[in-house]
Amino acid sequence: MADLITEAVKLLQANQAKKAEDLMTPYYPANVNNSQFMHFYGLAASHSGDYPSGIERVKKAIALNPRVAEYHHNLAAIYRLVGEFDLSEQHYLTALSLKPDYAEAYFNYSAARKFTIDDPLVSQIEQQLSRPDLSDEDRCFLGFAAGKIYNDIKDYDKAFAAYETGNQFRHSEFSIDQFRKEIDRLISVFSAELIQQLSPLGISSEVPVFIVGMPRTGTTLVEQILSSHPEIHGAGELPDISSIAGTLKKYATTDTDFPECINNLPQNVFAGMGDAYLSRLRSFDDAAIRIIDKMPANFLYLGLIAILFPKAKVIHCQRHPLDTCLSCFFQRFRRGHEYSFNLTDLGLYYREYQRIMQHWQRILPAAPFELHYSELVANQEEKTRALVDYLGVSWDDQCLNFQENDRPVTTASNWQVRRPMNQSGLDRWKNYDEYLGSLREALDFTE
């Protein structure tokens, strides 16, 4: 049994939750009273999108062994995804009471609610940060947790210092030179002429909608708004387009990587990849008129998307550059985003993102819908109506009440998007401007 659970955990860590669940299912009848089995079986279900089964199984694990902090922590995380914030808080606090040095639980709990200066968690997290025996990972978790809590109570000096600690102990490495070369290659390969030549080989479906941009620019909010429409489904952040780009070289007639291989592919590859991706979207909803993929980094692949889906709609979310970069710096991404843990890297990455977006705007047959976060906040109904009209569906008032949408939200913004539209995310950088010199220099930003 230990070997089975070890293999299931490896699959979960590799983002292969369905395989983990399939592996464990034959052993379920013999392990209904095994708390460890039920815990991981529940995680496999929830990571596969079956949240009710995930909750039921982890609750069973807790009933069998109520004093395991990890069980409560992971149940809290599932409740948070589905918007059950009171239950989520209850189990986070139980996890911390069982394991007061549980750094990851402090981190996840900090993102689940807003804190006040008299909250006992403020002193608790300070005590934890002062421990000399912390691992780098725990110091990273606690730094981001303390940063969020200090920001909530408006102690911005302490908040920034804590976030710096969190980022420092993430030990991330990023090469701006390598990223610049990737952008150079995309610009060199994808031209208006190439897209015009190859787009007839894609598929004409209008179902796919892509929300792109830098992280922390309102992409989750826009998906939440649009998926409140009964004819639009939000599928979350899908890795599929990046995977397609990575596998195209296998079909090329020459030994070239993406994007250069795009020039050496059999004609049927484009429709084949498009059909496979559309089938993937349909696995989320087989009736929706539009299905959203809100992977922000798909901004790198808009040329490929224009070939695979010439009729697809693209929404480009933007936010003040300093707010965008600072919000990324304040976010401990679970994986990837290595550029985000250093302000100079962030600014330089942002400029490359701007460079490739300017290229797409010049050469794409249909320019993306440009949406600025501040304009959406200031003119919610006007901008929402424009978005719905752009997608070619009829208006529905539910789009204005997006906070009532009970769909699971798996990104870091899942607490914020269940609140009505507000201005709390605007001009946040002004609270930290004295610390942003290196970011401003990297951005070449003088406002």
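Quick note: residue numbers are just sequence positions, from 1.
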Of the non-hydrogen atoms in [X] and [Y], which two are nearest, and what is the gap between them?
X    : Y    : result
A306 : L364 : CB-CD2, 3.8 Å
H39  : V58  : O-CG2, 3.9 Å
Y349 : F179 : CE1-CZ, 3.3 Å
S340 : L346 : O-CD1, 3.5 Å
L308 : F270 : CD2-O, 3.4 Å
L391 : R290 : O-NE, 2.7 Å

Could you list all the side-chain hydrogen bond (donor to acceptor under 3.5 Å, both in side chains) pairs where at least one residue sits in residues 162-171, not counting sequence neighbours? D136-H171

Could you tell me whether the side chains of [X] and [Y] share a donor-acceptor contact shorter than 3.5 Å?
X    : Y    : value
H316 : E370 : yes
Y350 : T324 : no
R351 : Q354 : no
Y79  : D86  : no
Y102 : Q128 : no

What I'd like to find out is whether the side chain of [X] reaches to under 4.5 Å of the side chain of [Y], using heavy atoms alone.
X    : Y    : answer
V68  : L98  : no
E352 : R355 : yes
I211 : C317 : yes

NZ or CZ of K313 within 45° of Y390 ring axis and under 6.0 Å: yes

Stacked cation flag R113 on F115, 6.0 angstrom / 45 deg: yes

Return the orientation label for the [X] and [Y] ring planes: parallel under 30°, perpendicular over 60°, tilted otherwise.
X    : Y    : answer
Y339 : H337 : perpendicular
Y277 : F210 : parallel
H72  : H91  : parallel
Y92  : Y109 : tilted

Out of the candidates Y156, W429, F160, only one should pair with Y435 under the ring-ring contact (aromatic ring centres under 6.0 Å, His included) rule; please name it. F160

Only residue of L278, T247, I307 satisfying side chain to side chain contact (heavy atoms under 4.5 Å, CB included) with M273 is T247

Y28/Y41 aromatic ring centres below 6.0 Å: yes

Is the ring centre of W360 less than 6.0 Å from the ring centre of F299? no

Can a donor-acceptor pair be found, under 3.5 Å and without considering hydrogens, that links the side chain of T219 to the backbone of P215? no

The ring-ring contact (aromatic ring centres under 6.0 Å, His included) partners of F341 (sequence neighbours excluded) come to none

Salt-bridge test for [X] and [Y]: reply yes if a basic N is under 4.0 Å from a carboxylate O, no otherwise.
X    : Y    : result
D119 : K114 : no
D323 : R216 : no
E182 : R185 : no
D177 : R180 : yes

Assess the residue pair Y432 and N151 against the criterion (side-chain hydrogen bond (donor to acceptor under 3.5 Å, both in side chains)); give the C-alpha distance rounded to whole Å, side-chain angles, the decisive distance to 0.1 Å, and a yes or no. CA-CA 10 Å; Y432 298 95; N151 181 77; 2.6 Å; yes

